[in-house]
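What follows is a set of notes on a single structure, which appears directly below.
Every chain is numbered from 1 and lettered A, B, ... according to where its sequence line falls, protein lines coming before strand lines.
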Amino acid sequence: MTPREALRRLERVGEGEVYVLESRRFRLEHTPRGLRGDAGCERGFGVRVLARGRLGFGYSTELGTAVERALSIAGCAAEAPMRFAVPERYPEVEVYDGEVEALGIEQAKELLLHAVEACREAGGTPTHASMSWATLRKEVHNTSGVEAVQRCTEVGVYVMSVADAASGMHFAYSRSLGRISFQEVGRRAGWLASASKKPERVPQGVRTAVLKPVAVAELMESVLLPAFSADNVLRGRSRLAGRMGERVFGESFTLYDDPTLPFGAGSCTHDDEGVGAKRKALVERGVLRGYLHSLKTAARAGESSTGNGFRSSHAAQPEIDATNLVVAGEGGAEEDGALVVHGLIGAHTCNPVTGDFSVETRNAFYDGTPVRKAIIAGNIYEVMGTASFGSDTEEVAGVVTPSMRVENISITG
Amino acid sequence: MLTVDGFQELLSQVRARFADLRVHTSRSTTLVLKDGRAEELSTGTYGGVAIRVLDRCWGFAYSSSTGRLEEMLGHAAKAAALGEGEVRLAEVRPGRFEGELRARRSPEDVSVEERLELLKRVHGVAEEHGRIASVTVSYHDATSEFRYVSTEGAEIRVTYPWVSLQVNVVAKESGELQMAQERAAGVAGLELLEEAERLAEVACERALRLLEARRAPSGVMKVVMDPRLTGVFVHEALGHAAEADHVLRGESVLEGMLGREIAAEEVSIYDDPTIEGSPGCYLYDAEGVRGRRRVLVERGVLKGYLHTRETAGAMGVEEGGNARAQGYTFPPLPRMSNTCMSPGDAELEELLEGAGRGVFLGGSRGGEVDTARGVFQFNAEEGYLIEGGELTRPVRDVSLSGETLEILRRIELVGRRVEMSPGYCGKDSQLVPVGDSAPAVLTVAHVGGAG
């Protein structure tokens with residue numbers, strides 16, 4: 001069955017949409033015990049049908065089966081306002097790099113070993129390094145005439161190392177091979193471990209922290225991003241509900257969702273529902289300017305989708321997610337008198353509804369001396385009222401941010 | 001689908017001293033009720049094939065269709081010839097088995113409408129509580145088949161059921177929001193959800209209590225952990241550090257500690273995939289090795305690690321049995337199944353009395369560990385201050401952290417009642433369902449409240 005035939009079958013009961021995901025993925029792992037190379041390919045279909053306002057979703061590696069499954073379950077759904085995407089002109093965004101598609105396993109091994117070597121030179125003992133690269137082809141077809149095809153590439157590298165009883169890790173993700181510095185990832189992992197040797201206790205009474213870009217990204221994604229999801233907003237699960245246009249954060253904080261960054265880890269020409277990608281302001285100088293919508297939340301709110309409906313696989317329904325979160329802050333991130341935190345442990349356990357966070361730090365330093373352990377705790381909405389930002393912007397796997405200085409948080413060492 | 005003969009033929013084209021094949025297929029249904037509306041219903045089939053080849057090192061290939069498998073195998077074989085490294089597999093007797101774990105009440109025998117009715121009843125219970133602003137009830141069931149064939153002659157085929165239900169509620173009062181969730185999950189059928197309404201009751205009561213709760217204190221203090229929190233602690237702090245790949249890479253505080261006392265004498269911990277109906281249950285692991293109970297800590301002494309055949313071979317011990325993979329797209333790693341801490345004989349009152357002054361903490365959204373440093377963090381959803389050996393003021397959202405070995409050694413009392421909680425465990429981008437079973441304990445930890 002072709003997508004067109006599937007749509008004709010779905011049209012008999014209402015509207016329909018076919019999503020096709022094809023991927024070729026490679027991965028190389030390096031540990032002190034040797035290498036492992038993986039190669040895999042997948043092709044799968046996700047089919048949505050809207051019959052009298054009732055939405056059903058079916059999936060399979062066979063399109064015919066996906067169609068039948070979607071039809072079998074749609075009748076059980078409740079009616080909900082929802083329309084599939086309509087055709088539009090998509091922006092041109094750089095999301096495909098031929099170098100990634102052409103990358104061979106031998107060449108990848110060399111790149112990964114560069115990272116491992118750089119880690120060693122920086123004083124860390126590499127324990128685990130891995131590199132992955134992939135070519136994906138995504139298609140969205142629907143009965144409104146959308147025929148969107150996107151080919152994109154992904155590449156990532158990760159290095160973990162130890163030095164005495166200290167550890168350090170670093171990573172980088174992009175859609176382009178040329179934008180990843182394997183040496184820098186290895187060097188940073190090694191440096192973090194070796195600089196964290198012989199830790200001491202954090203002095204009592206410190207209530208200021210500077211979160212370096214990786215830590216800012218972890219905190220933003222786990223505790224702040226869910227509040228911008230229109231699904232949470234519409235259901236009263238977000239502290240940002242009903243506050244559009246109000247000053248919610250400090251004036252030095254501006255936040256965009258920008259899928260148009262060249263080769264950004266979350267960049268795209270359109271989302272997984274066929275809605276065109278666009279850059280939008282979420283927060284401007286502390287004022288709430290926007291939420292993130294998929295087709296479904298947009299229909300419910302009577303607005304247009306912002307192009308943020310993404311699927312984790314062909315077997316998953318679209319969910320709201322950011323593309324590249326871009327923090328454009330100001331005010332400086334002076335490290336004097338502050339606990340400098342390079343990463344967090346347990347950011348995913350933060351409370352996305354209240355904004356409360358309480359997390360252990362990874363590679364924290366005070367006045368240049370490594371700190372043995374320290375929990376930092378506070379509430380993101382209080383903290384962001386006075387946060388200020390440095391100028392050391394980094395791209396951290398879909399979040400582009402400088403360091404952030406936060407005052408009046410609880411630090412327990 | 002690929003036959004055993006087809007597998008042999010594929011392999012004859014590559015150089016390998018060992019190879020195995022896994023086929024995963026499943027049919028599943030997911031129903032989500034958001035604020036009572038059944039808007040997210042899905043059903044489908046999923047599956048594919050994974051092949052590992054061992055030459056100088058490992059190569060791994062997978063595909064969602066057998067058609068492209070040959071090309072992928074070519075890449076994997078190339079990778080397998082690349083390596084340095086000296087992989088030696090622990091010897092096992094090749095398994096031969098065909099069978100099924102049966103659900104007592106299979107979801108496939110119950111209409112989608114009837115399964116939705118169950119979700120609506122659960123929603124109804126939550127809705128009856130005042131001040132509950134939003135309710136999500138998510139349900140998932142699956143029937144999966146696992147096939148395993150190896151060049152050593154193993155041939156295994158097992159069918160498993162799976163069912164899970166989660167309730168997530170948000171309570172609201174004068175602009176303040178609080179969230180709580182409860183979950184039931186296991187290798188079982190709808191019989192596991194007979195008391196699903198209770199999950200809504202418990203989640204709502206907790207969310208409402210949290211509205212009244214204040215921020216927790218911070219500092220090093222006596223902590224009584226409820227069974228669920230102890231379960232997360234044992235999983236995060238000890239379980240991950242006991243995974244033999246971490247140990248072999250020099251990433252574990254438990255390296256070189258076999259036979260040594262690492263915990264208080266009251267502490268015994270084991271991993272057990274054989275618990276019927278549990279979330280981490282399997283008959284054979286992803287390398288075709290029969291799952292069985294493995295002792296990690298016995299009366300405070302470290303007795304063993306969690307192995308695949310490769311890590312067992314590297315350490316010169318007998319077998320694997322804890323190799324698990326998330327579906328066909330990933331190679332197996334040493335993983336936990338159900339991590340269990342044996343009960344002691346203390347009543348909750350004795351734990352509180354023993355603490356005197358401190359915090360009682362319960363519920364959890366999970367945790368994370370740095371195995372190399374032996375530092376872990378895990379979250380507690382709620383708790384109470386303990387003053388004069390009694391529970392007093394409610395507190396909310398707090399995390400605990402500490403150094404694994406120190407906290408294990410400082411466990412003073414172990415409760416007598418054990419609870420099993422389901423969860424998903426992440427490692428190297430792979431998620432697998434696990435169970436944590438533990439009693440309440442009294443110990444000392446870093447508590448990081450915002451108060």
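- Between the side chains of B:N168 and A:R237, at least one donor N or O lies within less than 3.5 Å of an accepting N or O.
- Using a 4.5 Å cut-off between heavy atoms, A:Y158 does not touch chain B at all.
- Of all heavy-atom pairs spanning A:G346 and B:E368, the tightest one is N-OE1, 2.6 Å.
- Within the 4.5 Å cutoff, the side chain of B:E39 has heavy atoms near those of the A:R300 side chain.
- Chain A forms more heavy-atom pairs under 4.5 Å with one residue of B:E236, B:M72, B:K172, B:M179 than with any other, namely B:M72.
- Neither the backbone nor the side chain of A:D164 comes within contact range of chain B; no heavy atoms are under 4.5 Å apart.
- Contact of the B:R365 side chain with the A:H348 side chain is not registered, since no non-hydrogen atoms from C-beta on lie closer than 4.5 Å.
- Summarising the local packing, CD of A:E106 is surrounded by more than 12 heavy atoms from other residues, nucleotides or ligands at distances under 6.0 Å.
- A heavy-atom distance below 4.5 Å is found between the side chains of B:T29 and A:I73.
- Closest of all the heavy-atom pairs between A:G37 and B:A79 is CA-CB, 3.5 Å.
- Of the candidates A:R54, A:K296, A:R48, B:E40 forms a salt bridge (charged side-chain N to carboxylate O under 4.0 Å, His left out) with just one, namely A:K296.
- Of the listed residues (B:L33, B:L41, B:N379), the greatest number of heavy-atom pairs within a distance under 4.5 Å of chain A belongs to B:L41.
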For this session: Begin from the C-alpha positions of A:E79 and B:R37 and carry the test salt bridge (Lys or Arg N to Asp or Glu O under 4.0 Å) through to its verdict.
Result: CA-CA 8 Å; A:E79 273 183 59; B:R37 290 187 306 271; over 6 Å; no
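- In the model, B:S64 has no side-chain atom that pairs as donor or acceptor with a side-chain atom of A:R43 under 3.5 Å.
- A donor atom on one side chain and an acceptor atom on the other are not found under 3.5 Å apart for A:T31 and B:R249.
- Judged purely by distance below 3.5 Å, without hydrogens or angles, the side chains of A:S60 and B:T45 pair a donor atom with an acceptor atom.
- Taking the side chain as every heavy atom from C-beta outward, B:Y46 and A:H314 approach each other to under 4.5 Å.
- With respect to the salt-bridge test (charged N to carboxylate O, under 4.0 angstrom), the residues B:E176 and A:R239 do not qualify.
- A salt bridge between B:R215 and A:E382 is present, with a side-chain N of the basic residue lying under 4.0 Å from a carboxylate O of the acidic one.
- Using a 4.5 Å heavy-atom cutoff, the side chains of A:R235 and B:T136 are in contact.
- Listed options B:T30, B:V135, B:V220 were ranked by heavy-atom pairs under 4.5 angstrom with chain A; first place goes to B:V135.
- Within the 4.5 Å cutoff, no side-chain heavy atoms of A:I375 are placed close to those of B:S218.
- Contact of the A:V353 side chain with the B:Q178 side chain is not registered, since no non-hydrogen atoms from C-beta on lie closer than 4.5 Å.
- For chain B, the nearby parts of A:R362 are the backbone and the side chain; heavy atoms of each come within less than 4.5 Å.
- Heavy atoms closer than 4.5 Å to chain B are found nowhere in A:A108, neither backbone nor side chain.
- In this structure, B:R68 does not pair ionically with A:E42, as no charged nitrogen and carboxylate oxygen lie closer than 4.0 Å.
- Side-chain atoms of B:S28 and A:Y59 form a donor-acceptor pair, as typed in the model, at a separation below 3.5 Å.
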For this session: Begin with the C-alpha distance, continue with both residues' side-chain angles, and end with the deciding distance and a verdict on salt bridge (Lys or Arg N to Asp or Glu O under 4.0 Å) for B:E310 and A:R36.
Result: CA-CA 12 Å; B:E310 179 186 349; A:R36 194 197 70 231; over 6 Å; no
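- Closest of all the heavy-atom pairs between A:V359 and B:Q377 is CA-NE2, 4.1 Å.
- Residue with the most contacts toward chain A among B:A80, B:P331, B:S111, B:G175: B:P331 (heavy-atom pairs, distance under 4.5 Å).
- Heavy-atom distances place no part of A:A66 under 4.5 Å from chain B, backbone and side chain included.
- Salt bridge absent: B:E86 and A:R33 never bring a charged side-chain N and a carboxylate O closer than 4.0 Å.
- Side-chain atoms of B:T43 and A:S72, non-hydrogen and from C-beta on, do get closer than 4.5 Å to each other.
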